[in-house]
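Encoded as structure tokens, the structure appears first; notes follow it.
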Amino acid sequence: MAYVPPHRSRTEGSGDSSSSPVSSSRKGGDFFGHDDGNNSRDGYGSYGGNRGYGGNRGNRGYSGYGRGGRGYGEGYGQRDNGYGGRNGSYSRGDNKRYGQGSFTDGVHHPAPKNEKLERELFGDPAEEKAPSGINFDNYDDIPVEVSGEGTPDPINQFTSPPINELLLENIELSLFNKPTPVQKYSIPIVGSGRDLMACAQTGSGKTGGFLFPVLSSLFENGPSPVANEGNVFARRKAYPSALVLAPTRELAIQNFEEARKYAYRSWVRVCVVYGGSDINSQLRNLERGCDLIVATPGRLNDMLERGRVSLKNIRFLVLDEADRMLDMGFEPQIRHIVDGCDMPCAKDRQTLMFSATFPKEIQVMARDFLDNYIFLSVGKVGSTSENITQRILYVEDDEKKSSLLDILSATDDTLTTGLTLIFVETKKMADILSDFLISQNFPATSIHGDRTQSERERALEMFKTGRAPILVATAVAARGLDIPNVTHVINYDLPGDVDDYVHRIGRTGRAGNNGLATAFLNRGNRNVVKDLIDLLHDSNQEVPDFLSNIARESPSGRGGRGGRGRGRSTPYKDYRKYGGGNSGSSNWGSRSNGYGDNGYGYNNSSSGNGNGNSSYGSNNYSSASSSNSQWW
DNA sequence: AAAAAAT
């Protein structure tokens with residue numbers, strides 16, 4: 001029986017304050033003050049709506065499990081997940097078996113429409129909605145670069161050639177009517193069986209860029225014929241056909257929620273696993289069938305070790321925000337998942353890697369994980385250009401609080417119409433600042449890695465719904481999260497890297513809407529000043545005099561690291577074509593296996609895991625990454 | 001330097 005660490009036996013929701021380790025209002029506090037002994041109005045279990053695993057109340061043990069309409073997708077004929085005794089509680093309550101289709105005799109049988117589930121996934125059709133909030137005209141002049149052998153032509157509509165009919169219906173329910181540039185390319189690329197390395201950011205339609213072609217293929221082709229390993233525990237083991245890895249829990253949840261929409265009525269059952277929340281409910285959910293799994297690396301590895309997930313049926317591997325995962329030191333864990341378990345090798349699966357930037361480490365990972373891939377680089381929609389107004393203010397550290405109050409008071413109309421996202425550099429500052437704002441009667445909450453997972457999820461939900469329209473965040477929210485209606489991003493503390501700055505301000509001005517980005521800067525930030533000035537120039541923004549002055553004070557080259565992504569307005573290049581060009585990286589630059597400058601000699605050198613590349617796999621990379629890790 | 005991620 002699965003093991004439950006004592007400290008995790010407390011409830012997942014914040015409903016049971018008696019068992020919560022934090023009972024004062026200090027840490028769990030937000031604008032609404034009290035610590036929510038009973039947050040019935042909250043209704044935010046894990047995945048939006050009030051159905052998350054192990055909801056908010058009464059979920060000691062298993063007794064309350066499965067209540068309240070949580071039943072997305074179970075019960076399609078060929079799947080047998082019932083080992084009777086233990087799961088009596090599953091059948092309790094209104095545990096409706098709706099929404100899941102099946103795939104039998106080589107034919108996909110979508111489930112009938114289900115109004116309740118449809119509302120849950122896509123929202124109430126009665127509410128008027130802007131068509132997905134995206135101004136598609138803004139997509140037309142996005143620079144796109146695509147390269148690689150035999151690159152298929154992009155599509156221009158979802159209907160020519162037509163993608164899977166059920167998928168198309170689900171896309172239409174999501175109010176997308178036209179593919180974004182990344183989708184125009186990714187759909188035929190993946191559809192033709194190729195691997196894809198895509199440089200694209202949130203806001204480019206990246207999630208659909210991988211979910212559409214993957215689900216389309218799964219819908220068409222059905223489950224893998226390799227059913228299981230035939231052992232007695234097999235029914236307790238999940239054999240997903242597709243795996244999506246994401247760097248943060250919130251991003252995993254977001255991908256999961258998107259995938260659920262597009263998988264509606266299909267045979268594909270979507271699950272998500274991530275740390276910080278009860279593993280047992282996640283395991284129980286897997287037992288009910290799992291065809292597409294969205295995961296953060298640590299929790300997935302845990303489940304792999306427990307033998308509760310097998311990757312041998314994987315046909316699609318997606319690495320989302322790959323550069324971020326490397327920044328966070330996930331490379332050993334990712335390599336363990338991809339190379340160290342039972343996942344088919346690169347030639348026997350399709351791999352899609354997405355990354356905002358394309359530094360050397362990512363190129364290396366692409367070479368190791370992808371097979372003869374097509375490289376796609378998509379400039380960001382709007383990005384740092386005219387639809388985000390960037391404002392840099394000179395503010396000393398000890399004046400930041402009062403400046404912030406001035407700004408928030410002066411722009412209080414945005415509080416009613418939009419959301420304000422405030423970035424700080426430390427978790428401590430996130431707490432300090434949100435407490436301060438709350439004490440000043442601003443409806444704020446905070447998200448950072450020291451809050452419990454349920455606090456994090458609740459904070460995000462309060463922010464999204466506008467009940468707490470000010471969110472103080474650390475880097476956990478800097479990338480990937482797609483929160484509509486953020487009208488103002490404030491860099492209370494500037495990040496040390498201008499790439500992070502770009503990601504942060506990209507939380508506003510999404511897809512055609514205007515946004516405002518304010519940053520507090522003082523001499524403590526001089527290391528980013530030069531890059532910042534370049535960026536402001538590139539994006540047609542005013543460069544304040546004090547900024548130029550500070551830049552002149554430090555005559556040395558641009559601070560910090562060398563060789564970071566310059567030329568942000570142009571897409572990243574396919575290094576296979578341009579010969580790498582990285583500064584001093586001996587190991588890489590001197591490679592003789594065709595990645596250098598002889599055009600496309602790369603085609604068959606990337607099968608699997610670095611065979612034929614010994615200099616690389618064992619020196620450079622593994623020593624660097626294993627030094628600070630207890631992982632493999 | 002800090003953050004994130006299994007416990």
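Within every chain, numbering begins at 1; the chains are lettered A, B, ... in the order of the sequence lines, protein sequences first and strands thereafter.
A:I447 places its CD1 atom 20 Å from the P atom of B:dA2, with the value rounded to the nearest Å. Distance, A:E457 CD to B:dA5 P: 11 Å, rounded to whole Å. For the pair A:Y274 OH and B:dT7 P, the computed distance is 11 Å after rounding to whole Å. Atom P of nucleotide B:dA1 and atom CG of A:L494 are separated by 19 Å, given to the nearest angstrom. One atom, CD of A:E331, and another, C1' of B:dA4, lie 16 Å apart when rounded to the nearest Å. Between A:L300 atom CG and B:dT7 atom P the separation is 13 Å, expressed in whole Å. Distance, A:H448 NE2 to B:dA5 P: 12 Å, rounded to whole Å. A:R456 has its CZ atom 10 Å from the C1' atom of B:dA3, to the nearest Å.
In this structure, A:R249 reaches the B:dA6 phosphate: one of its side-chain N or O atoms is under 4.0 Å from OP1 or OP2. At B:dA4, one or more side-chain N or O atoms of A:T474 fall inside 4.0 Å of OP1 or OP2 (strictly under the cut-off). The side chain of A:K427 contributes an N or O atom lying less than 4.0 Å from OP1 or OP2 of B:dA4. For the pair A:R299 and B:dA5, the criterion of a side-chain N or O lying under 4.0 Å from OP1 or OP2 is not met.
Interatomic distance, CG of A:D531 versus CG of A:D499, reported as 8.0 Å (0.5 Å rounding). Rounded to the nearest 0.5 Å, atoms CZ (A:F520) and OH (A:Y394) are 13.5 Å apart. For the atom pair OH (A:Y239) and CG (A:L286), the distance works out to 12.5 Å, reported to the nearest 0.5 Å.
With distances taken from any side-chain atom of A:T426 to the nucleotides B:dA6, B:dA2, B:dA4, the minimum falls on B:dA2.
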Kindly indicate, with the supporting measurements, whether the criterion ring-ring contact (aromatic ring centres under 6.0 Å, His included) is fulfilled by A:Y492 and A:F423.
CA-CA 6 Å; A:Y492 188 89; A:F423 282 107; over 10 Å; no
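Counting non-hydrogen atoms under 4.0 angstrom, A:P247 reaches the backbone sugars and phosphates but no base.
Every residue two or more places apart in sequence or in another chain that forms a salt bridge (charged side-chain N to carboxylate O under 4.0 Å, His left out) with A:D397 is listed here: A:K400.
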